[in-house]
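The structure under discussion appears below in the form of structure tokens.
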Amino acid sequence: MYVRGTVAGEIDVRSVSTTYGETDLAEVPLVLEEVGDGERADGVVTETPTDAERNPTTVTLWNKWTESAALLEPGMELLVTDVGEEEYRGETRYATTGDSYVVVEPTFLVNVTSIRNWVECPRLYYLNKLSGVPLNYPVVKGTIVHEVFGDLLRGRDLEDAIDARIEERGLELGLLGESSEAVAEDVRENAAAIEGWLEQGRLTETDGANRTTADDDPERPFAPAESSWRSEQLLISETFGIRGRADAIRRGAPVELKTGKNLRKEPRFKDKVQAACYALLLEEHGGDVDTGTLLYTKNSALDRNEETGDLTPAKEFSMGNGLLQFVVRLRNEIAAMEIDGGVPTGYEGDAKCEYCFEQDTCMVVSGRLDQESKAGQIGRPLPPEEREYFERTYRAIEEERREVHREYAKLWEQDAEERADDDRALVDLEFVGKRPLDGGRWELRARRRTGATSKLREGDLVLASDGHPVRGQSELARIERLDDDAVVLTADEAVEVTRMDVYPSELTTDRLLSALHDFLLKGDDRRKDVLFGRADPEFDPVEETFVDNNDAQNEAVSNAVGASDFALIHGPPGTGKTYTIARTVRALVDRGERVLLSAFTNRAVDNALEAVLEQLNGAVEDDRVVRVGSESGVRDDMEPYRLERAGEPATRAAALEDARIVAATTATCGSRVMKEQSFDVALVDEAAQLTEPGTFAAVTLADRFVLVGDHEQLPPVVRAENDLTESLFERLVERYPDAGVMLDRQYRMNQRIQAFASTEFYDGRLRPATPEVAGRTLDDLEGVSRDDLPESIRDPVAFVDVEGDESRYTDTAEAERIADLVRAYEEAGLDRSRIGVIAPFRAQVSEISTHVPSDVAVDTVDRFQGSSQEVIVVSFTATGTLEGPIFEDYRRINVALTRPKRALVLVGDPRALKSDPVYRRMLEWAGR
DNA sequence: ACTCTGCTGAGAGGA
């Protein structure tokens, strides 16, 4: 039986005398949310307390669990497994038993590596999180050896595996100056130890007896028995709040591979702790684990010379309850500290600083951020405003991380039905079949039974499961193909997929954190002076005309080229932002600069790169323009420029290092490979949609930077409500208006259409670039005559009254009316592929889609940003009143109203729209 | 209350 609830008050920790002597206990007042009859958190809930019963129950935590009790604060979540129940003065109380685990904030998922770092030194955990691990050879080699180990377990030939894995990491190895041959030799030594040990295992009776499937499988003749081995399994525990990926599992017990040195007989303690984490994860998945194996691949030769004559690099050890519970307490320390927003000092553990590799880094970070630390501080602290900025931004990023953790929690909190309504999963799959691939991986196929929509896309990582992503068999898989009726995945193991869930990744938050760190602690002082307002940005005047017939664009390019610190280009809709970017890049390249071209989305990076290539017109050799990104992220026509990671190391490294122009998303700029690069100038598009640390990821790679964007359009997408919602672009535009140029001539909209946006959002400064643009109408298009349109929509801006229905996020009446409009335009000779329909809610988008032909583009405002159409129809989907956060951000209507070139039709209920001043002005403009 | 893009990922090791 388990209990779960919220801490409702102060915790009383004390000692009592029992028959066994002095014992510690803590009494925790807990408002119960769940009481379950299973041992773990996935048991059947027997009792869901009613409101009347929501007064705190006392849960007593005995002995060592008082250490975890001391971490608790009112409001924190607590889970206690295997509790004992007792009646005390007429009320039910609970207490830990010898088998209990006490879990603080169980929805906070702690990585196994975090626990491993924490046990070595809590400060090490913090430093690792803050700055990430840079590219270095031992780590890359270790990774390759692990991959080869996995390959061996899946039955791949040793030499094949070594060659393939080294080739895959050609780029990284090349950047490190390593040759394939040297690495192969190195990996071979480690792998030989593994193979020898595996061979030994194969000869033993137990393993032999278990060998079934693999022996019979003609496709995988060398595979070890599937029943006794499993490689690289991703495990998530909802009970313990731990997540990790075990190197291998042998007969249900974890095997951890270590390529580092361990000269002692015993496994290192942190390695034991790591294995114990996997044991906990396996226990939750129905295992009963009491031993772990650590495989030190450098040790074989050494051990042979020892007096034992031991031939094996493997060290087995037993894991008792004491170790497992200790590991959960470590995990609790991390969770409690993170929930509290704390920073570890190092005093929490007993590591000795003088033995630590990170001692210097630790002291520098402590000194710069003025943090208390066991290692002490060196250097002067950052100015107070920078420390304040660090703390605020760090906190905001950690809140984002919490939101990712909540996504995980949903994996088990939502039942299949709720999940089906959520677009983060496809739960309707029917398993069709599997096929072995080279290297022991599998291709999995499933059929889709319903037409459910989801945000899953080809190239995404998902948790592929046979029913439940946490409790069932599940595997990290990649979506290779996703059609309306079929799914193809690749994975390490052959799961019989019936469901796939979005894999919530902390990668972005990790990268934001390290970008913040790099900017503040490793960044250039001059840049910080400017960004923190201690110095003004400087410009060298450039006497060259870059753009002939557009003064603002010309000034924007000269500004960007002449900027000593940074320049800003404010590009309202249709003002030739992309052209200006291309012209700027060209001008920089002509001056011999190395340029990083970045943006938040892959789409924007590809668009900008396309324009740059056109502008270069061969001025830079094709192979010196490089697009860094994943195959699924990069648009097909940019694939020839995509940097291949696999290959001969020196060649791969040269492909990147010799590039004059490198294009990548800001998220990719935070990758280890990109962090090794440096540029003269970073040019970042869509900068108004980037968080500050997101912008830093690109900007810290260059000496100077240019931000391009429009803060009057949509802001950054963040999960939590926090300080990340204002972009660096917007802040700088406000702080240094002179550092920016607003492109004021638009090449998109008829004058009638642009009028509202211009006055409302751009101080009336936005105007048509040419008379042609100002006067463009549908009549200009071949075969189209406005005279054939109904009177009501003949004007370039029209309003169509619809009474609307009462439902909140959809409006069938509007959808039907929109279908009529589409027909009317078609009858007037317009091809319907030139019509776009925009709605605020996704539900209304799908409602409209059922009413109009599929070649009409229907989408949300957010997704229409950056594109345009001849005709745009906007469905407001609000009846009676205009309530809801979606309407509060006026930047959203700015985007919607500035998409069309020749005609705009607003469809909605005027009564609702009139209730807000901005929308009322919009109605007036639309002639209603 | 709603909108929603990134990312191979988690762990790889140095005494």
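Model, not experiment: these values are computed from the prediction. Below, chains carry the letters A, B, ... as their sequence lines are ordered, and counting in each starts from 1.
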Checklist entry - Would you say dC4(B) has OP1 or OP2 under 4.0 Å from some side-chain N or O of Arg863(A)? => result yes

Checklist entry - Does a distance-only test, which skips hydrogens and angles, find a donor-acceptor pair under 3.5 Å between the side chain of Arg892(A) and the base of dT3(B)? => result yes

Checklist entry - Which listed nucleotide (dT3(B), dG11(B), dG13(B)) is nearest to the side chain of Arg672(A)? => result dG11(B)

Item to check | Along DNA chain B (nearest heavy atom to each residue), the more 5'-positioned of Arg719(A) and Pro840(A) | outcome: Pro840(A)

Item to check | Residue Arg268(A), side-chain heavy atoms: nucleotide from dG13(B), dA15(B), dC7(B) that is nearest | outcome: dA15(B)

Checklist entry - From dG9(B), dT3(B), dG11(B), pick the nucleotide closest to the side chain of Lys258(A)? => result dG11(B)

Item to check | Chi angles and distances behind the side-chain hydrogen bond (donor to acceptor under 3.5 Å, both in side chains) call for Thr509(A), Glu400(A) | outcome: CA-CA 7 Å; Thr509(A) 41; Glu400(A) 290 292 294; over 6 Å; no

Checklist entry - Is a donor-acceptor contact shorter than 3.5 angstrom present between the side chain of Thr113(A) and the base of dG11(B)? => result no

Checklist entry - For the pair made of OH in Tyr278(A) and P in dA12(B), what is the distance, rounded to whole Å? => result 5 Å

Next on the checklist: OP1 or OP2 of dG13(B) versus the side-chain N and O atoms of Thr259(A): is any pair under 4.0 Å?
Outcome noted: yes

Checklist entry - Is Val133(A) touching bases, backbone alone, or none of the nucleic acid, heavy atoms closer than 4.0 Å? => result base

Next on the checklist: Regarding Ser630(A), tell me which of base, sugar-phosphate or nothing describes its non-hydrogen contacts under 4.0 Å with the strands shown.
Outcome noted: sugar-phosphate

Next on the checklist: Please classify the nucleic acid contact of Asp889(A) as base, sugar-phosphate, or nothing, using heavy-atom distances under 4.0 Å.
Outcome noted: nothing

Item to check | Protein-nucleotide distance (Ile397(A), atom CD1; dG6(B), atom P), rounded to Å | outcome: 19 Å

Checklist entry - Choosing from dA1(B), dG11(B), dG6(B), which nucleotide comes nearest the side chain of Glu883(A)? => result dA1(B)

Checklist entry - Closest to the Thr601(A) side chain: dA12(B), dT5(B), dC2(B)? => result dT5(B)

Checklist outcome for this item: With the side chain defined as heavy atoms from C-beta on, Arg645(A) is closest, among dT8(B), dG6(B), dA12(B), to dT8(B)

Checklist entry - Which is true for Gln689(A) with a 4.0 Å heavy-atom rule: it touches a base, it touches only sugar-phosphate, or it touches nothing? => result nothing

Checklist entry - Does one side chain, of Asn602(A) or Arg627(A), offer a donor that lies under 3.5 Å from an acceptor on the other? => result yes

Checklist entry - Which part of the nucleic acid does Arg243(A) contact within heavy-atom distance under 4.0 Å: base, sugar-phosphate only, or nothing? => result sugar-phosphate

Next on the checklist: Base, sugar-phosphate or nothing for Arg842(A)? Non-hydrogen atoms, less than 4.0 Å.
Outcome noted: sugar-phosphate

Item to check | d(CG, Leu463(A); P, dG9(B)) in whole Å | outcome: 12 Å

Item to check | Step-by-step salt bridge (Lys or Arg N to Asp or Glu O under 4.0 Å) determination, Asp859(A) to Arg899(A) | outcome: CA-CA 12 Å; Asp859(A) 227 322; Arg899(A) 298 307 100 195; over 6 Å; no

Next on the checklist: With a 4.0 Å limit, can you tell me whether Asn128(A) has a side-chain N or O closer than that to the phosphate oxygens OP1/OP2 of dG11(B)?
Outcome noted: no

Next on the checklist: One pair to check against side-chain hydrogen bond (donor to acceptor under 3.5 Å, both in side chains): Arg116(A) and Asn111(A). What are the steps and the verdict?
Outcome noted: CA-CA 9 Å; Arg116(A) 177 184 149 97; Asn111(A) 268 347; over 6 Å; no

Checklist entry - Is it true that Arg169(A) and Glu147(A) have a side-chain N and a carboxylate O under 4.0 angstrom from each other? => result yes

Checklist entry - Does a nitrogen or oxygen in the side chain of Gln359(A) sit under 4.0 Å from OP1 or OP2 of dA15(B)? => result no

Next on the checklist: Rounding to an integer number of Å, can you tell me how far Phe600(A) CZ sits from dC7(B) C1'?
Outcome noted: 11 Å

Item to check | Per Arg478(A) side chain, nearest of listed nucleotides dT8(B), dG14(B), dA1(B) | outcome: dT8(B)

Item to check | Watson-Crick and G-U pairing of DNA chain B written in dot-bracket, each distance under 3.5 angstrom, with | for inter-strand partners | outcome: ...............

Checklist entry - For dG6(B), does either OP1 or OP2 sit under 4.0 Å from a side-chain N or O belonging to Arg457(A)? => result yes

Item to check | side chain to side chain contact (heavy atoms under 4.5 Å, CB included) between Arg892(A) and Leu714(A), intermediate numbers included | outcome: CA-CA 6 Å; Arg892(A) 199 165 262 116; Leu714(A) 294 169; 4.1 Å; yes

Checklist entry - Could you go step by step and tell me if Leu728(A) and Phe696(A) meet the side chain to side chain contact (heavy atoms under 4.5 Å, CB included) rule? => result CA-CA 9 Å; Leu728(A) 181 67; Phe696(A) 295 147; 4.0 Å; yes

Checklist entry - Roughly how many Å is it from CG in Asp859(A) to C1' in dC4(B), rounded to a whole number? => result 11 Å

Checklist entry - What does Tyr809(A) touch in the nucleic acid at a heavy-atom separation under 4.0 angstrom: a base, only the sugar-phosphate, or nothing? => result sugar-phosphate

Item to check | Heavy atoms of other groups near Glu806(A) CD, more than 12 under 6.0 Å | outcome: no

Checklist entry - Do the side-chain N or O atoms of Ser505(A) get closer than 4.0 angstrom to the phosphate oxygens (OP1, OP2) of dG6(B)? => result no

Next on the checklist: In this structure, how many angstroms lie between the P atom of dT3(B) and the CD1 atom of Ile893(A), rounded?
Outcome noted: 17 Å

Checklist entry - Nearest to the side chain of Arg169(A), which nucleotide is it out of dC7(B), dG11(B), dG9(B)? => result dG9(B)

Next on the checklist: In whole Å, measure the gap between the P atoms of dG11(B) and dA15(B) for me.
Outcome noted: 23 Å

Next on the checklist: What is the separation between atom CD on Glu506(A) and atom P on dT8(B), rounded to the nearest whole Å?
Outcome noted: 16 Å

Checklist entry - With a 4.0 Å cut-off on heavy atoms, is Lys141(A) in touch with a base, just the backbone sugar-phosphate, or nothing at all? => result nothing

Next on the checklist: Looking at Arg243(A) and Glu506(A), is there a salt bridge between them, counting it only when a charged N and a carboxylate O are closer than 4.0 Å?
Outcome noted: yes

Next on the checklist: Distance check needed: dT5(B) C1' versus Glu407(A) CD, whole Å only.
Outcome noted: 13 Å

Checklist entry - Contact class for Glu256(A) (heavy atom, under 4.0 Å): base, sugar-phosphate, or nothing? => result sugar-phosphate

Next on the checklist: Starting the side chain at C-beta, find the nucleotide from dT3(B), dG9(B), dG6(B) nearest to Thr860(A).
Outcome noted: dT3(B)

Next on the checklist: By the 4.0 Å heavy-atom rule, please label Lys270(A) as base, sugar-phosphate, or nothing.
Outcome noted: base

Next on the checklist: What contact category does Tyr125(A) fall into here, base, sugar-phosphate, or nothing, at under 4.0 angstrom with non-hydrogen atoms?
Outcome noted: nothing

Checklist outcome for this item: Side-chain atoms of Phe841(A) come closest, of dC2(B), dC4(B), dG14(B), to dC2(B)

Checklist entry - Gly244(A) near the nucleic acid: base, sugar-phosphate alone, or nothing, with a heavy-atom cut-off under 4.0 Å? => result sugar-phosphate

Checklist entry - Does a nitrogen or oxygen in the side chain of Thr666(A) sit under 4.0 Å from OP1 or OP2 of dG6(B)? => result no

Checklist entry - When you look at Asp862(A) and Thr860(A), which way does the side-chain hydrogen bond (donor to acceptor under 3.5 Å, both in side chains) test go after all the steps? => result CA-CA 5 Å; Asp862(A) 302 61; Thr860(A) 55; 4.6 Å; no

